[in-house]
Amino acid sequence: MKVILGVCGGIAAYKAAELLRELQRRGATVQVVMTANAERFVTPLTFAALSGSQVMTSLWQTTHSEASIADGEDFDIEHIQITQNADVLVVAPATANMLAKMAHGFADDFLSATVLAATIPIIVAPAMNLHMWEHPATQANLKTLQQRGVQIVSPESGELACGMVGAGRLAEPGAIADRVFATSGRTKDLVGETILITAGGTRELIDPVRFIGNRSSGKMGVALAHAALERGARVILVGASLAVPTPPGCESIRVTTAEEMESIVLGRLTEASMVIMAAAVSDYRVACPAPEKLKKKNSLTLELLPTRDILRQVVEQRHAGTIVIGFAAETENVLEEGRRKLRAKGADLIVANDVSYADSGFEADVNEGILISQDVELPLPRGSKREMADRILDWTRLRQSRT
Ligand code: CTP
């Protein structure tokens, strides 16, 4: 396995040397990239000696001579080429400045340009002063990165270099290495699979400007798409209303209504080896949406008609062997409702989650729930939607290994 280790300028830069050794002990080859500020804390020579390869520090650095380039010899653009041969990119320590650059797409040095060019999984392990860590700008940047699929190894609490006590200390090298190997170890276990994922909340039009919708943000479906792509699957993402961007690398199809989602999902079903229905699909549609904006009156009565159940149709029309997973977002009797939906819809797995908590479920970045299949009921402890996505995909591997 090949890891790119990006080192930023902070007092914790010396710990990157320990991380490098830990990654090597576990069998990884490591290519180090340093920022100019990192070089003030640790010399590139240290990392070159430990890694056994040239440390990349500048966009103007090349392993080719000017003469050979002038002679027309083929040469690689280093910050693009190095990610093509690597499995994971880990930035440790990641400073507040680097997180800001990553969140906003800056590419003004070798490391930020490498991050921008990377299509491999990215992990960041931040380390900084407590106030910088807690600053809304840093937290917003982290959130943006997380929504794009970047994994965060959160800093630990303790005594910081500045003398303060609190969160901001680089996570232990062992914990960062665990995440690197957990990510890369399953990077390619879904190669050959085509996964059709629905995400977000459908909207049923009342008139050209109003709709009936729901609180789904699409974060769970998008997290599933990120995880599936990183593990090598081809992903078709059918997204209704989404509060987060769709990942690069998937085929993204946008829909508005339940009927549009039904038509796309059933139309693409033959291509899919797995279908994951994470979308919150409206159970009703407006019988006759008004062609023009409705004017205010004393009262308004809308006739609502039931929509067709897409999940049930997917189960009926699938090829033998296509795994079908549904979601059940509940506010009470989560387990019973999940079991009922498993039977009623005929899915292979229902991911039941409690959406009555304010800080998890709808719109939140964390979730918790229960995986319910015919032979196993597996609690999913509270964690990021990305972690939950990986647990769901792990279940599909387990199921395929049994059949
Ligand atoms: N679903 C679907 N088509 C619908 C409604 C729901 O495919 N018209 C799917 C959802 O994507 C989800 C699962 O069915 O994977 C369960 O959705 P949920 O809204 O929890 O269940 P409903 O069947 O709508 O039942 P109820 O509203 O009574 O809870």
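Indexing begins at 1, ligand by ligand and atom by atom, following the structure's order. From a predicted model like this one, the values you see are computed outputs, not experimental measurements.
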Ignoring angles and geometry beyond distance, decide whether Thr198 reaches within less than 3.5 Å of ligand 1 through its nitrogen or oxygen atoms. no
N/O to N/O below 3.5 Å, does that happen between Phe327 and ligand 1? yes
Among protein heavy atoms, which sits nearest to atom 24 (O) of ligand 1, and what does the distance come to when rounded to 0.1 Å? Asp283 OD1, 2.8 Å
Is the shortest distance from a heavy atom of Glu337 to ligand 1 less than 4.0 Å? no
Measuring from Arg285:CZ to Leu304:CG, what's the distance to the nearest 0.5 Å? 10.0 Å
Would you say Ala278 and ligand 1 have an N/O pair spaced under 3.5 Å apart? no
Over all atoms of both residues, closest heavy-atom pair of Ala278 and Phe327: CA-CD1, 3.6 Å
Under 3.5 Å, is there a donor-acceptor pair between the side chain of Thr138 and the main chain of Glu134? no
Nearest-contact summary for atom 22 (P) of ligand 1 - protein heavy atom, Å: Lys345 NZ, 3.7 Å
What part of Leu311, side chain from CB on, backbone N/CA/C/O, both or neither, has a heavy atom under 4.0 Å from ligand 1? both
Decide side-chain contact (heavy atoms from CB on, under 4.5 Å) for Val281 and Thr198; before the verdict, give the C-alpha distance in whole Å, the side-chain angles of both, and the deciding distance to 0.1 Å. CA-CA 9 Å; Val281 186; Thr198 66; 5.7 Å; no
Residue, atom name and distance, where the atom is the protein heavy atom closest to atom 28 (O) of ligand 1: Arg340 NH2, 4.2 Å
Quick one: does Ala328 get within less than 4.0 Å of ligand 1, heavy atoms only? yes
Which protein heavy atom lies closest to atom 26 (P) of ligand 1, and at what distance to 0.1 Å? Lys341 NZ, 3.7 Å
With a 3.5 Å cut-off and no angle check, do the side chains of Gln146 and Ser384 form a donor-acceptor pair? no
Under 4.0 Å, heavy-atom basis, I'd like to know which part of Thr307 is in contact with ligand 1: side chain, backbone, both or neither. side chain
Looking at ligand 1, is there an atom of it that comes within less than 4.0 Å of some heavy atom belonging to Glu262? no
Counting each atom of ligand 1 from 1 as listed, which ones have a heavy atom of Ala279 under 4.0 Å away? 10 (C), 11 (O)
Taking only heavy atoms of Gly326, which atoms of ligand 1 are found under 4.0 Å from at least one of them? 15 (O)
